[in-house]
Structure formats: structure tokens, C-alpha cells
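Let me begin by presenting the structure, written as C-alpha cells, before commenting on it.
Scope of the values below: all heavy atoms of this structure, side chains included, with no hydrogens, waters or symmetry mates. Computed from a prediction, not measured in an experiment: that's the story for all the values here.
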Amino acid sequence: VKLGGTNYLVWSRACKFVIGSCGYKGFLTGDTTKPIEAGPSQEKWETTNYLVMSYLTSSMDPGISRGYMLLDTAVAIWKTAETTYSQLGSKAQRYEIRKKIREITQKELSVSQYYSTLKALWHELDFYGKYIAACSTDITSYTTWENEIRVYDFLGGLNMDFDQIRAHILSTD
């Protein structure tokens with residue numbers, strides 16, 4: 001997955017999976033710091049830092065990675081990319097995802113592929129817009145409402161072949 005500017009969430013998760021699985025998560029969080037004393041441990045840290053930096057910049061579109069080449073540490077690249085592209089809690093980002101959900105239709109996709117595409121978008125929406133409930137009743141009501149909206153999203157994009165199923169589901173209210 002290459003960071004292209006609008007796919008930060010997927011890109012950052014892919015990077016965390018790869019870098020974390022190699023045992024280098026601390027280079028992203030800043031928990032793994034450069035040893036003060038020169039020697040083999042400092043050289044090992046520098047080599048690993050360059051490796052993680054290389055992975056991060058290689059996983060960006062060339063036009064984007066160019067802006068990160070002069071940073072000195074993997075954590076600096078990671079934090080700068082996060083600040084620039086994450087848009088966590090952004091209403092604009094949530095709007096764009098809802099727009100994609102409204103526009104997606106099954107077309108040539110199998111039902112399973114269509115559902116998986118919607119599910120990925122719903123996960124992104126959940127990530128960018130966390131609902132904070134005042135009490136357990138609120139969260140239950142909200143979850144029920146949200147799931148109903150998602151059923152409508154799904155049904156609305158199905159091919160015409162599914163009109164009878166759609167009609168049956170909607171008539172059971």
C-alpha cells in the first residue's frame with residue numbers, strides 16, 4: 001500500500017503491521033531511542049532506523065516521499081505523515097467516506113465482494129468518527145440505528161436481481 005494522500009488510514013495500518021512484525025514498533029513511536037554512547041549499539045540503532053525510514057519512504061508515492069527525505073529519523077517521518085494526512089475526527093473525511101458509501105453499487109462485484117467493500121468503508125467511518133455515549137442505553141440505541149442505516153446502504157446498492165429480497169426485507173418492519 002502506497003501513501004497517496006487520501007489513504008492514510010490504510011497505509012498507516014499496513015506500515016504498523018510490517019514494521020511491528022519485525023520488532024521495530026519503537027522506531028515509529030519514539031520509544032526506541034538512539035544510544036548516547038558511540039559503538040555497536042548505536043550503529044545497530046542507526047542501521048535499523050535507516051531500514052524503517054527506507055520502508056516508510058518507499059511506501060509513499062514519489063511526490064509525497066520527496067518531502068520526507070531530509071528528515072533524520074523514522075519517528076520524524078511517521079509523526080509528520082500522521083500530522084499531514086491522518087485527519088482523525090475530520091468532518092470532511094467522514095463526509096467523503098459517506099459519499100463513497102452512497103455511491104458504491106454492486107455492479108460486476110459478487111455480493112461478497114460488494115459487502116466487503118462496504119464493510120471496509122464502514123470501518124474507516126468508525127475510525128474517523130467515534131461515538132461517545134453518555135450511557136449504555138445510548139450506545140445500544142445508536143448501534144441499532146447505525147446497523148439499520150448500514151442495511152439500507154447495502155440493500156440500496158445491490159443489483160436489480162435482488163429486488164425481491166430487498167422488498168421482502170423492507171416489508172418486515
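Under the 4.5 Å side-chain criterion, counting only non-hydrogen atoms from C-beta, Lys34 is in contact with Gln42. By the 4.5 Å heavy-atom criterion applied to side chains, Ile104 and Leu118 are counted as neighbours. Tyr114 is not listed as a side-chain neighbour of Lys107, based on a closest heavy-atom distance of 4.5 Å or more. Contact of the Asn147 side chain with the Tyr152 side chain is not registered, since no non-hydrogen atoms from C-beta on lie closer than 4.5 Å. The shortest side-chain heavy-atom distance between Leu28 and Leu56 falls under the 4.5 Å cut-off. Looking only at side-chain heavy atoms (C-beta outward), Tyr85 and Ser12 stay at 4.5 Å or farther from each other. In this structure the side chain of Arg98 reaches within 4.5 angstrom of the side chain of Leu125, judged on heavy atoms. Annotation: side chain of Met53 is not in contact with side chain of Tyr68 (no heavy-atom distance under 4.5 Å).
In this structure, the separation between CD on Gln106 and CE on Met160 is 12.0 Å, given to the nearest 0.5 Å. In this structure, CG in Leu9 is found 7.5 Å from CZ in Arg13, a value given to the nearest 0.5 Å. Distance CG/Leu121 to OG/Ser116: 11.0 Å, rounded to 0.5 Å. From Ile64, atom CD1 reaches atom OG1 of Thr84 across 9.5 Å, with rounding to the nearest 0.5 Å. The distance from atom OG1 of Thr29 to atom NZ of Lys16, rounded to the nearest 0.5 Å, is 10.0 Å.
In this structure a side-chain-to-backbone donor-acceptor pair under 3.5 Å is present from Ser21 to Val18. The backbone N or O of Tyr50 lies less than 3.5 Å from no partner atom in the side chain of Ser54, so there is not a single donor-acceptor pair. Listed for the Gln113 side chain is a donor-acceptor partner under 3.5 Å among the backbone atoms of Ser110. No donor-acceptor distance shorter than 3.5 angstrom exists from the side chain of Ser86 to the backbone of Thr83, with no hydrogens or angles considered.
Across all their heavy atoms, Val75 and Gly30 have their closest contact at CG2-N, 3.6 Å. Taking all atoms of both residues into account, the shortest heavy-atom contact from Val10 to Glu124 is CG2-OE2, 4.5 Å. Counting all heavy atoms, side chain and backbone alike, Tyr55 lies closest to Cys15 at CE2-SG, 3.7 Å. Contact record, Thr73 with Trp45: CG2-CH2, 4.1 Å, taken as the closest heavy-atom pair. Among all heavy-atom pairs drawn from Met60 and Lys2, the shortest one is O-CD, 3.8 Å.
We find that Arg150 and Glu146 are joined by a salt bridge, their nearest charged nitrogen and carboxylate oxygen being less than 4.0 Å apart.
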Problem set entry | Residue pair Asp153, Trp122: steps toward the side chain to side chain contact (heavy atoms under 4.5 Å, CB included) verdict | CA-CA 10 Å; Asp153 290 340; Trp122 292 328; 3.3 Å; yes

For this session: In sequence, state the C-alpha distance, the side-chain angles, and the governing distance for Phe154 and Val111, and then conclude on side chain to side chain contact (heavy atoms under 4.5 Å, CB included).
Result: CA-CA 10 Å; Phe154 175 75; Val111 173; 3.9 Å; yes

Problem set entry | Verdict with reasoning, Ile77 to Thr57, per side chain to side chain contact (heavy atoms under 4.5 Å, CB included) | CA-CA 8 Å; Ile77 293 171; Thr57 56; 4.0 Å; yes

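By the neighbour-count criterion of 12 heavy atoms within 6.0 Å, atom OH of Tyr142 is densely surrounded, having more than that number from other residues, nucleotides or ligands. By the 6.0 Å contact criterion, CZ on Arg102 is enclosed, its count of non-hydrogen atoms from other residues, nucleotides or ligands being greater than 12.
Clustering ILVMFWY residues whenever any of their side-chain heavy atoms sit less than 4.5 angstrom apart, transitively, puts Ile139 in the very cluster that holds Trp145. Tyr8 and Phe17 fall into different hydrophobic clusters, where Ile, Leu, Val, Met, Phe, Trp and Tyr are joined by side-chain heavy atoms under 4.5 Å apart, directly or via other members. The hydrophobic cluster containing Val1 also contains Leu3, counting ILVMFWY residues as joined when their side-chain heavy atoms lie under 4.5 angstrom apart, directly or transitively.
The aromatic rings of Phe27 and Tyr24 sit perpendicular to each other, their planes meeting at more than 60°, with 30° as the lower class boundary.
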